[in-house]
Amino acid sequence: MAGKEEAALKPVSCGARLRRSRDASIREEVSMRDPFLKHRVKKFDLSSLDWIDQIPECPVFSPSVEEFEDPFVYLSKIAPVAAKYGICKIVSPICASVPVGTVLMKEQGGLKFTTRVQPLRLAEWSTDDKFAFFMSGRKYTFRDFEKIANKGFVRRYSSAACLPARYMEEEFWHEIAFGKMESVEYACDIDGSAFSSSPNDQLGRSKWNLKKLSRLSKSILRLLRTAIPGVTDPMLYIGMLFSMFAWHVEDHYLYSINYHHCGASKTWYGIPGKAAPDFEKVVREHVYDHEILSGEGETAAFDILLGKTTMFPPNILLHHHVPVYRAIQKPGEFVITFPRAYHSGFSHGFNCGEAVNFAVGEWFPLGAIASQRYALLKRIPLLPYEELLCKEAALIDHEFSTSNYKDLTTSTGDTHIQHCMKVPFVQLMRLQHCVRWSLMKMGARTHYKADIDATVLCSICKRDCYVAHVMCNCRVDAICLCHEEEIRKCPCSHDRAVFVRKDIIELETLSKKFEEENGIVDAVRKQMSRGSSSHSYFNRINHNAEYFPYCKIHIHAPPEVHSISETRVFGYDLNKPYPDASTITFCFGPHEYSTQSDKTLMILIVRYLG
């Protein structure tokens with residue numbers, strides 16, 4: 001039985017097996033290329049691989065045990081240098097004492113996983129030649145996959161010994177363009193961790209244990225109500241020779257940290273975050289055919305890149321002057337990617353890595369850009385940006401009010417990090433107040449939101465509506481305050497309602513407090529002058545020039561709410577990135593206010609007082 005299973009799982013057989021059973025849509029499309037068949041792709045010239053030597057190495061840091069004590073303190077120390085490259089490597093000064101195999105087979109109760117089959121070729125990225133990964137449908141244990149991966153490596157190189165990184169890089173790009181291997185398997189996005197829970201494991205006890213990272217005191221993601229696999233909780237990545245991770249940027253432009261537990265090295269390519277627009281322009285103009293793009297704007301390529309299947313050689317980036325840096329990651333080393341830094345890479349042989357996301361205060365400005373791009377694409381967000389921003393602002397203020405200046409400096413980071421949070425927070429509060437005031441002048445009434453521990457998403461753009469949302473008779477769903485055209489066309493007038501948080505006054509007071517600090521208001525004005533605001537229509541409303549920031553907006557007496565069940569009302573879990581249906585939505589008429597989804601429906605009867 002074992003012999004037959006191993007024979008069936010040779011890399012070359014994966015393609016043959018999937019070719020016989022690939023998706024019906026591929027069979028029906030006679031113009032669709034064989035997903036495993038190599039062919040020359042003119043836009044990617046790999047006849048010479050001399051460009052490999054033109055890619056510089058990323059920064060490598062080797063902290064002492066003392067410097068390694070706190071991840072966020074150390075990362076803030078190296079960030080001014082490392083962030084310029086988009087990617088960096090950190091060599092851990094401490095080692096795990098419990099082997100990965102022991103952790104996965106014993107502590108994890110014999111972990112089993114399935115793999116994705118990756119065609120080992122280049123794609124035209126045209127209507128009839130795109131790139132996709134396929135589920136193999138086969139279950140492995142860690143030990144079984146290691147045996148199969150190592151057997152394939154020895155078959156190719158007649159040795160199990162590690163080979164030079166430069167040689168493996170040539171091998172990968174030659175194989176992907178001209179070789180005979182049809183496909184490889186990659187076990188990615190596996191729930192779990194290979195950090196040991198043993199009290200004797202020094203690395204497992206440390207704060208660099210990726211199971212702990214997102215919940216540390218300086219982590220923004222600690223504010224999330226529930227865990228998100230792969231974001232707050234780590235995932236495992238188990239590869240074989242030439243397993244690859246395609247060009248992508250982290251969800252919401254978060255940071256990522258990847259630890260190499262064991263096995264062969266990985267080659268990484270990273271792009272600085274500031275070069276992301278140039279990267280996307282090259283992909284839009286020189287990688288993707290125009291016919292597969294959903295539009296003409298900057299988000300056209302971004303939409304496809306979110307699929308995480310776009311792989312192409314870095315030489316096309318070098319040719320168009322996009323900076324690229326390389327990291328060769330070995331066991332015991334961490335790789336950090338910074339916000340908006342595109343990256344890709346491949347494995348030199350069997351290995352096991354683990355990754356998780358994180359965010360610090362400096363992430364908020366880029367998180368705002370990511371939130372805006374998700375909204376333009378009408379993509380459901382993975383995390384509630386607006387909620388995280390408001391919660392972090394409140395916590396920073398609380399820490400300030402309960403600490404003296406000296407304590408504050410050591411507990412919340414430097415002024416720059418706080419500035420990165422305060423500017424988008426003040427901008428959010430100013431814009432939301434301006435829109436709510438304009439709606440009030442158009443006849444809308446303002447009410448407090450019900451006490452429901454749920455994330456309300458805009459039915460148009462899918463933004464999280466943490467501070468406020470609008471309801472009217474024209475539509476059954478809530479919308480955020482960013483849709484001037486829809487609100488302007490709406491005839492509801494006095495039948496329109498704006499629902500705000502019950503702590504809205506405290507949030508606005510906090511925003512005014514931040515505005516008193518040097519540079520905050522100037523930075524907000526600069527951001528708004530760049531056209532980053534979605535509320536241009538409301539900003540133009542004059543109403544006899546009687547508006548001024550944070551002027552009083554009357555909030556009507558709270559409605560009477562009957563039969564509220566918070567568990568039944570929670571109709572959509574924001575932490576599930578691929579929901580079956582719509583989000584939390586709201587239905588509002590003159591006498592009712594409800595939350596609904598495909599799985600839950602709770603009607604809240606509202607009686608307006610007065």
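Please read these numbers as outputs of a predicted model, since none were measured by experiment. Both backbone and side-chain heavy atoms feed into the values below; hydrogens, waters and symmetry mates do not.
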Candidates [options] - the one meeting side-chain contact (heavy atoms from CB on, under 4.5 Å) with [X]:
X      : options                        : result
Ile271 : Asp278, Leu317, Thr337         : Leu317
Leu383 : Asp251, Leu221, Leu223         : Leu221
Asn357 : Thr232, Leu254, Asp233, Ile228 : Leu254

Is [X] atom [atom1] crowded by more than 12 heavy atoms from other residues, nucleotides or ligands, each under 6.0 Å away?
X      : atom1 : answer
Glu298 : CD    : no
Arg166 : CZ    : yes
Lys330 : NZ    : no

Is a donor from one side chain sitting under 3.5 angstrom from an acceptor on the other, for [X] and [Y]?
X      : Y      : answer
Tyr342 : Glu280 : yes
Asp303 : Thr299 : no
Thr127 : Glu291 : yes
Lys211 : Ser197 : yes
Glu66  : Tyr74  : no
Tyr237 : Asp189 : yes
Ser265 : Gln329 : no

Parallel, tilted or perpendicular, as decided by the 30° and 60° cut-offs, for the rings of [Y] and [X]:
X      : Y      : answer
Trp173 : Trp51  : perpendicular
His261 : Phe195 : perpendicular
Tyr374 : Phe302 : tilted
Tyr259 : Phe334 : tilted
Tyr167 : Tyr157 : perpendicular

Side-chain donor or acceptor of Asp129 paired with backbone N/O of Ala123 under 3.5 Å: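 The answer is no, because no donor-acceptor pair under 3.5 Å joins these two groups.
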Under a 4.0 Å N-O cut-off, is there an ion pair linking [X] with [Y]?
X      : Y      : result
Arg326 : Glu169 : yes
Arg156 : Glu171 : yes
Glu250 : Lys308 : no
Asp144 : Lys139 : no

Are the side chains of [Y] and [X] in contact, using a 4.5 Å heavy-atom criterion?
X      : Y      : value
Arg222 : Ser214 : no
Arg379 : Leu377 : yes
Glu185 : Phe145 : yes
Leu366 : His252 : no

Working for ring pair (Phe, Tyr, Trp, His ring centres under 6.0 Å), residues Phe346 and His348: CA-CA 7 Å; Phe346 62 91; His348 299 189; 5.5 Å; yes
[atom2] on [Y] to [atom1] on [X], rounded to 0.5 Å:
X      : Y      : atom1 : atom2 : answer
Arg340 : Lys274 : CZ    : NZ    : 12.0 Å
Ser243 : Ile238 : OG    : CD1   : 10.5 Å
Gln202 : Asn209 : CD    : CG    : 12.5 Å
Trp125 : Thr310 : CH2   : OG1   : 3.5 Å
Ser344 : His248 : OG    : NE2   : 8.5 Å
Tyr385 : Arg463 : OH    : CZ    : 10.5 Å

Taking every non-hydrogen atom, the tightest pair across Tyr325 and Pro272: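 Looks like CE1-CG, 3.8 Å.
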Evaluation steps, ring pair (Phe, Tyr, Trp, His ring centres under 6.0 Å), between Phe61 and Phe68: CA-CA 11 Å; Phe61 300 93; Phe68 198 69; over 10 Å; no
Residues Trp363, Tyr255; criterion ring pair (Phe, Tyr, Trp, His ring centres under 6.0 Å); working and verdict: CA-CA 8 Å; Trp363 163 77; Tyr255 296 76; 8.6 Å; no
